[in-house]
Novice: 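Sharing a structure, written as structure tokens. Questions coming.
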Amino acid sequence: MTALVPLVVLVPLLGAALTLVAGRRPQPQRVIAIGALVIELVIGIVLLIHVDQVEPLVMEVGGWQAPFGIVLVVDRLAALMIVVSAIVLLAVLVFSVGQGLADGDEETPVSIYNPTYLILTTGVMIAFIAGDLFNLYVGFEILLVSSYVLITLGGTESRIRAGVTYVVVSLLSSLLFLASIAMIYGALGTVTIAQIAQRIGEIPVDVQILLHVMLLVAFGIKAAVFPLSFWLPDSYPTAPAPVTAAFAGLLTKIGVYAIIRVETVIFPGPELNPALMVLALLTMVVGALGAVAQADIKRILSFTLVSHIGYMILGVALGTVEGTAAAIFYIVHHIVVQTTLFLAAGLIEREAGSTSITRIGGLLASAPLVAALFFIPALNLGGIPPFSGFLGKLGLFQAAAQQGDALAYALIGAGALVSLLTLYALVRVWNLAFWRSADAVEGDESRLLRSVEEAPLNTSTVSGARTTPRLMTLSTAGMVAVGLALTVFAGPVYGVASRAGENLDGPGAYIQLVFPGSSEGAELE
Amino acid sequence: MTVSLVLVIVMSAMYACAVYLLLERSLTRVLLGFLLAGNATNLLILIMVGEAGVAPIFDESIEASEYTDPLPQALILTAIVITFAVSSFLLALIYRSWRLANADDVSDDADDLALRGGAVLIAAEETLPESSTTDFPLEGEESR
């Protein structure tokens, strides 16, 4: 079974090479890219079942033993993330193929798009299965560099402007990550995560906290945790719709994934948990307030993305098994729902020619299917029962209530308030873009528009509606179905998340995995 | 762990200059700042080797503790390659920005300005950057 572990990385990488060989012939490129991601999804599902039912997998690359060579570790958390990422990446790729076919590839130069997209997939997968910090850094760099290319695709003025912010901020976070790896190597003499976890107790507490904060800042920028979230709403909305969808669903969650690893395996101590809880609260509230002030659907969604990162950080910051499990379930739910909403926003853009709620209306009559595809994930994100968003928030609030101190209850209150604010922002989109009749858009003085300001010369001016290819609607509908399946099969998925959370109760299990039979791992447990 | 003071001073100076350059609006200077910060980080990794020793080529007569630690150098090599790739991409980005907007500076987000000013009309005018803030030759200046 360990043979499957490197395939998770190799399949998209070889796929990228093949799509480059296919060069300017779009048809084989599409087939190769979709085929690679389908294989990836199958591998992911096999891995998840095996890891959950039998045992976690560890692969020593090149046969070099753990502290000397590179280890790839697939535990329940990593396997779950691989499956969800593969589903989302596949759906987004199908969506972009549909868009590319309809537009005659004007806005998406397909000859670069597919290879870059597969290399992004490679980087994502390396980040999930990396067993040492430097490999994690390389994974981050691979996915970031391909994301630089994707976010500036076509090189229009607005994309270059947004891309510059994104690139510079990401570069800084990468340098900070690299510097913290250097400091950790200086302090502990290793970059293997399991060995760091073994040795971290031997160094003074103040050095530990310094290293901890450096890693958290580096990952906090990637995960868009307030106050390091400023770059996200500026840079995501201008990219092509499928690119934004993939980024919004996945890239920030990889930051959260890294934070989970840091908090549970490398620095399991509770020193910074209260600080993280305050940051979680601020991320939730500030993000939601930002969403309320926006007029562009993509910007509204970008701000809700920031605010919901707060929920995941809340779960991690609790430092309990229940908290981690709830955070993992929430990540799975949020990857699916946020991607679906951005894909739906892409459909709205095609149907109405704009994504600004001050300029569009009457979509319920003209495109009822798009309305349904937007409405279901919107309620899901807002946390309306019985959707998975409600279940995830319930799990988080229960875990926080177990903690039982004033800060935990403040976070529960803020979490409930923020889900209402999210709902308010999304229902306003619904009221204006879908319910309002198309004739009423001109000169509408709706009270709902009073809190909204937007740039008068917005780039997303009404460009006239275009027909929506069936493939785009189909992949969005598929993602809505995956979101609903998460609700129906919430029991089994939450079960996997809980068991993943139990694995991450302290570094003991992880150390045992990489160094079987090590006594230190057992002691720490 | 013994470290070389000279390397630490050089690293600090490079980081300081890098931060100064990164805070500039001109993208070319941001790029230079990034290059400095990247190399300062490489130096930081090198400093973590500790005291320098003999080249890490196995020789039975040499004690294990006398070798230089080779791992950080491998890490630096990887980091250099990544920095190189990213800076060439940044250069392409700057060139494209220059071609499109005739500006190589970090511009403000139009929606942010609208939020701050309360729906004040901000015309997206074609601006020529001031010669003091750009490192590219301005139109018309080339002939001079």
Side-chain angles (χ1 to χ4, degrees), chain A residues 68 133-135 137-138 140-142 144-145 148-149 152 155-168 170-172 174-187 189-191 230-231 233-235 237-238 290 293-296 299 356 452-459, chain B residues 1 3 15 18 22 27 30-31 33-34 37-38 40-50 69 71-72 74-76 78-79 81-83 85-87 89-90 92-94 96-101 103-124:
Chain A
F68 309 111
L133 278 185
F134 198 76
N135 216 12
Y137 166 76
V138 173
F140 266 126
E141 281 305 315
I142 293 176
L144 283 176
V145 171
Y148 302 155
V149 176
T152 53
T156 59
E157 192 169 346
S158 61
R159 281 181 193 166
I160 294 286
R161 190 201 62 71
V164 164
T165 318
Y166 177 75
V167 172
V168 172
S170 306
L171 286 179
L172 275 185
S174 296
L175 281 180
L176 202 57
F177 185 20
L178 190 60
S180 21
I181 291 176
M183 308 270 266
I184 286 174
Y185 186 78
T190 182
V191 288
F230 57 91
W231 56 270
D234 271 0
S235 48
T238 46
Q294 299 299 321
D296 188 284
R299 288 180 75 92
S356 169
V452 168
E453 308 285 358
E454 80 177 315
L457 287 171
N458 202 314
T459 43
Chain B
M1 190 168 70
V3 297
Y15 266 128
L22 280 169
L27 278 176
V30 170
L31 172 73
F34 166 69
T41 311
N42 290 342
L43 262 187
L44 173 65
I45 303 177
L46 193 67
I47 290 170
M48 291 305 160
V49 170
D69 187 352
L71 183 69
L75 303 188
I76 293 173
T78 317
V81 174
I82 292 173
T83 314
V86 172
S87 34
F89 181 79
L90 255 181
L93 209 61
I94 294 169
R96 183 75 185 160
S97 167
W98 172 256
R99 289 294 299 270
L100 281 171
D104 69 326
D105 64 342
V106 183
S107 46
D108 292 311
D109 188 54
D111 284 85
D112 285 351
L113 288 176
L115 265 181
R116 186 179 69 194
V120 178
L121 264 160
I122 302 135

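Lettering follows sequence order; numbering is per chain, from 1.
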Novice: Under 4.5 Å, counting heavy-atom pairs only, tell me which of A:Val138, A:Val145, A:Leu172, A:Val149 racks up the most with chain B.
Specialist: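 Winner by heavy-atom pair count: A:Val149.
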
Novice: Which bit of B:Ile76 comes within less than 4.5 Å of chain A, counting heavy atoms only: side chain, backbone, both or neither?
Specialist: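 No part of it gets close to chain A.
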
Novice: From B:Leu93 CG over to A:Arg159 CZ, what is the distance, rounded to the nearest 0.5 angstrom?
Specialist: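 It is 13.0 Å, given to the nearest 0.5 Å.
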
Novice: Would B:Val86 and A:Glu141 satisfy side-chain contact (heavy atoms from CB on, under 4.5 Å), going step by step from the backbone distance to the final call?
Specialist: CA-CA 9 Å; B:Val86 172; A:Glu141 281 305 315; 4.2 Å; yes

Novice: Let me know which of B:Asp69, B:Ile45, B:Val49, B:Leu44 forms a side-chain contact (heavy atoms from CB on, under 4.5 Å) with A:Tyr185.
Specialist: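 Among the candidates, only B:Asp69 passes.
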
Novice: Go through the structure and list residues passing side-chain contact (heavy atoms from CB on, under 4.5 Å) with B:Thr41, not counting sequence neighbours.
Specialist: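 side-chain contact (heavy atoms from CB on, under 4.5 Å) list for B:Thr41, sorted by chain: A:Leu175, A:Leu178, A:Ala179, B:Tyr15.
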
Novice: What residue, out of B:Pro72, B:Ala18, B:Ala40, B:Ala79, has the most heavy-atom pairs lying under 4.5 Å from chain A?
Specialist: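 Among the listed options, the one with the most contacts to chain A is B:Pro72.
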
Novice: At a 4.5 Å cut-off on heavy atoms, which part of B:Leu46 comes close to chain A: side chain, backbone, both, or neither?
Specialist: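 For B:Leu46, neither part sits under 4.5 Å from chain A.
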
Novice: Run through B:Ile82, B:Leu75, B:Thr78 and flag the one making a side-chain contact (heavy atoms from CB on, under 4.5 Å) with A:Tyr137.
Specialist: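 Exactly one candidate clears the test, B:Ile82.
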
Novice: With a 4.5 angstrom heavy-atom cut-off, is it the side chain or the backbone of A:Phe134 that approaches chain B, or both, or neither?
Specialist: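 Contact with chain B is through the side chain of A:Phe134 alone.
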
Novice: Do the non-hydrogen side-chain atoms of B:Phe89 and A:Thr152 ever get within less than 4.5 Å of each other?
Specialist: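 Heavy-atom side-chain distance check passes, below 4.5 Å.
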
